[in-house]
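Working notes for the structure below.
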Amino acid sequence: MGILNAIVTSIAPIFIVTSPVTSYADQIWAIHKSRSSAGFSLDIPLIMLVASILKVYYWFGAHFSTALLLQALLMISIHLLLLHVALTNRPQTTHHTPFSPAPTARPYDFWQWRMARPYWSFLTYFAGTLLVIQVLLGTTALFMPYTELLGFVALAIEATLPLPQLYANQKRRGCKGFRVSVIGNWLVGDVFKMWFFFASGSGEGGVPVAFKLCGVFQMLCDIGLGVQWWVFGDGVEDGPRIPSGTGFGEKVGDEMRGPGDIPLDWEKSRLG
């Protein structure tokens with residue numbers, strides 16, 4: 001078991017550092033190739049950018065594993081690119097919300113803007129404000145408690161990453177537009193990440209408890225996404241699937257259905 005732990009703790013940092021690329025490169029390419037970000041939730045880059053920026057500032061107080069710091073820096077780069085591609089290829093819609101036909105209003109239309117500039121302005125002001133606070137508190141007794149708070153906030157935010165997609169998939173009873181490669185990479189990454197987290201210490205250069213707690217919650221959410229993809233697939237586009245008593249080969253709209261099909265909503269619902 002000790003040898004296996006040694007192997008995992010040696011390989012896992014490489015996987016952790018490169019996980020932003022392996023997880024999201026296919027999603028970026030799919031959006032660029034199809035010229036549409038339909039089905040992709042803009043809240044994903046929001047969550048990951050905010051969480052990763054906070055984690056970078058958290059490192060200055062916690063000095064956790066270098067692999068996790070490098071992952072956060074690469075995650076910022078990847079999600080800036082993903083946000084750019086998603087904004088550039090937004091579906092044309094008469095609704096204010098970029099990715100939802102039945103939008104829920106947010107204060108000041110936060111992260112639902114039609115123009116791209118407010119997204120970049122928010123991220124710039126957010127990172128700049130944190131930098132100013134970091135400099136002001138850097139030589140005070142409040143610095144360590146402040147960075148600890150940043151860490152818990154960052155990881156709590158990151159743990160919510162799958163929730164917007166879970167909600168969108170459940171609402172439209174389908175995973176169309178969300179790449180199965182992303183789900184697969186998340187699940188494989190969770191296995192390596194959890195093993196690495198719990199095999200490493202919690203001191204300097206190790207993995208703080210906050211990472212472990214939020215990692216467990218996120219893994220459970222990722223499993224939920226996997227179950228949704230297994231149950232719903234891409235969902236129904238042109239008509240509902242309803243139980244059939246006459247055997248396979250019947251159609252509802254343009255969809256083939258069989259005796260075991262599950263009823264779905266008539267109205268098409270797509271986050272995108």
Report summary line: Rounded to the nearest 0.5 angstrom, the CE-CD1 distance for Met75 and Ile16 is 10.5 Å
Requested in this report: Please check if Phe197 and Ile14 belong to a single hydrophobic cluster, counting links between Ile, Leu, Val, Met, Phe, Trp and Tyr side chain heavy atoms closer than 4.5 Å.
Outcome: no
Query - Rounded distance [0.5 Å steps], CD in Gln112 versus CG in Asp43 - result: 8.0 Å
**Report entry** Heavy-atom side-chain contact between Phe143 and Leu136 under 4.5 Å
**Finding:** no
Query raised in the report: Are Leu149 and Phe211 linked, directly or through other ILVMFWY residues, by side chains that come within less than 4.5 angstrom of each other?
Result: yes
Query raised in the report: What do the steps show when you test Leu68 against Ser65 for side chain to side chain contact (heavy atoms under 4.5 Å, CB included), and what is the final call?
Result: CA-CA 5 Å; Leu68 295 173; Ser65 170; 4.1 Å; yes
**Report entry** Linked, directly or transitively: Val21 and Trp29 (ILVMFWY side chains, under 4.5 Å)
**Finding:** no
Please list every donor-acceptor pair under 3.5 Å in which a side-chain atom of residues 122-135 meets a protein atom from a residue at least two apart or in another chain.
from	atom 1	to	atom 2	distance (Å)
Thr124	OG1	Trp120	O	2.9
Thr129	OG1	Tyr125	O	2.7
Gln134	NE2	Tyr57	O	3.2

**Report entry** Side chains of Ile157 and Met48 in contact at under 4.5 Å (non-hydrogen atoms)
**Finding:** no
Query raised in the report: Looking only at heavy atoms, what is the nearest atom pair of Pro45 and Ser41, with distance?
Result: CD-O, 3.6 Å
Requested in this report: Could you tell me which non-hydrogen atom of Ala154 sits nearest to which non-hydrogen atom of Leu54, and how far apart they are?
Outcome: CB-CB, 3.4 Å
Report summary line: In short, Glu158 meets Ile47 closest at the heavy-atom pair CA-CG2, 4.1 Å
Query raised in the report: Just by modelled atom types, is the Cys175 backbone N or O under 3.5 Å from a matching donor or acceptor in the Gln228 side chain?
Result: no
**Report entry** Single-linkage hydrophobic cluster, 4.5 Å side-chain cutoff, Leu69 and Leu80 together
**Finding:** yes
Requested in this report: Identify the two heavy atoms, one from Pro20 and one from Ile78, that lie closest to each other, and give their separation to 0.1 Å.
Outcome: O-CG2, 3.7 Å
Requested in this report: Any ring-ring contact (aromatic ring centres under 6.0 Å, His included) involving residues 65-87? Give me the pairs, sequence neighbours left out, ordered by first then second residue.
Outcome: Tyr24-His79
Query raised in the report: Going by heavy atoms in the side chains, are Gln170 and Leu166 under 4.5 Å from each other?
Result: no
Report task. Could I get the full list of ring pair (Phe, Tyr, Trp, His ring centres under 6.0 Å) partners for Trp230, not counting sequence neighbours? Result -> none
Requested in this report: Walk me through it: do Phe40 and Leu82 pass the test side chain to side chain contact (heavy atoms under 4.5 Å, CB included)?
Outcome: CA-CA 10 Å; Phe40 178 75; Leu82 177 56; 3.5 Å; yes
Query raised in the report: Do Arg90 and Arg114 have side-chain heavy atoms sitting under 4.5 Å apart?
Result: yes
Query raised in the report: Is Val85 close to Thr88 at the side-chain level, that is, under 4.5 Å between some pair of heavy atoms?
Result: no
Requested in this report: Give the intermediate values and the outcome of side chain to side chain contact (heavy atoms under 4.5 Å, CB included) for residues Leu87 and Leu42.
Outcome: CA-CA 8 Å; Leu87 290 175; Leu42 268 186; 3.8 Å; yes
Query raised in the report: Do side-chain atoms of Ser121 reach the backbone of Pro118 as a donor and acceptor pair under 3.5 angstrom?
Result: no
Query - Check: Val191 and Leu187 side chains under 4.5 Å, non-hydrogen atoms - result: no
Query raised in the report: What are the two closest heavy atoms between Gly61 and Thr147, and how far apart are they?
Result: CA-OG1, 3.6 Å
Report task. For ring pair (Phe, Tyr, Trp, His ring centres under 6.0 Å), just list the numbers for Tyr58 and Phe152, CA-CA rounded to whole Å, side-chain angles, deciding distance to a tenth of an Å, and then say yes or no. Result -> CA-CA 9 Å; Tyr58 174 40; Phe152 275 99; 7.7 Å; no
Query raised in the report: Within a radius of less than 6.0 Å around OH of Tyr167, do more than 12 heavy atoms belonging to other residues, nucleotides or ligands occur?
Result: no
Query raised in the report: Got a donor-acceptor contact below 3.5 angstrom from the Trp113 side chain to the Asp109 backbone?
Result: yes
Query raised in the report: Does any N or O in the side chain of Ser52 come within less than 3.5 Å of the main-chain N or O of Leu49, such that one atom is a donor and the other an acceptor?
Result: no
Report task. Over all heavy atoms of both residues, which pair between Cys214 and Ala159 is shortest? Give the atoms and the distance, please. Result -> O-CB, 3.8 Å
Report summary line: Rounded to the nearest 0.5 angstrom, the CG-CG distance for Leu213 and Leu155 is 9.5 Å
Query raised in the report: Is it the case that one hydrophobic cluster holds both Leu142 and Leu150, taking links as side-chain heavy atoms less than 4.5 Å apart, direct or via other members?
Result: yes
Requested in this report: Evaluate the side chain to side chain contact (heavy atoms under 4.5 Å, CB included) criterion for residues Leu74 and Thr18: first the C-alpha distance (whole Å), next the side-chain angles of each, then the deciding distance (0.1 Å), finally the verdict.
Outcome: CA-CA 8 Å; Leu74 186 55; Thr18 58; 5.6 Å; no
Query raised in the report: Do Ile31 and Ser37 have side chains that get closer than 4.5 Å, going by heavy atoms?
Result: yes
Query raised in the report: Do other residues, nucleotides or ligands put more than 12 heavy atoms under 6.0 Å from the CZ atom of Arg106?
Result: yes
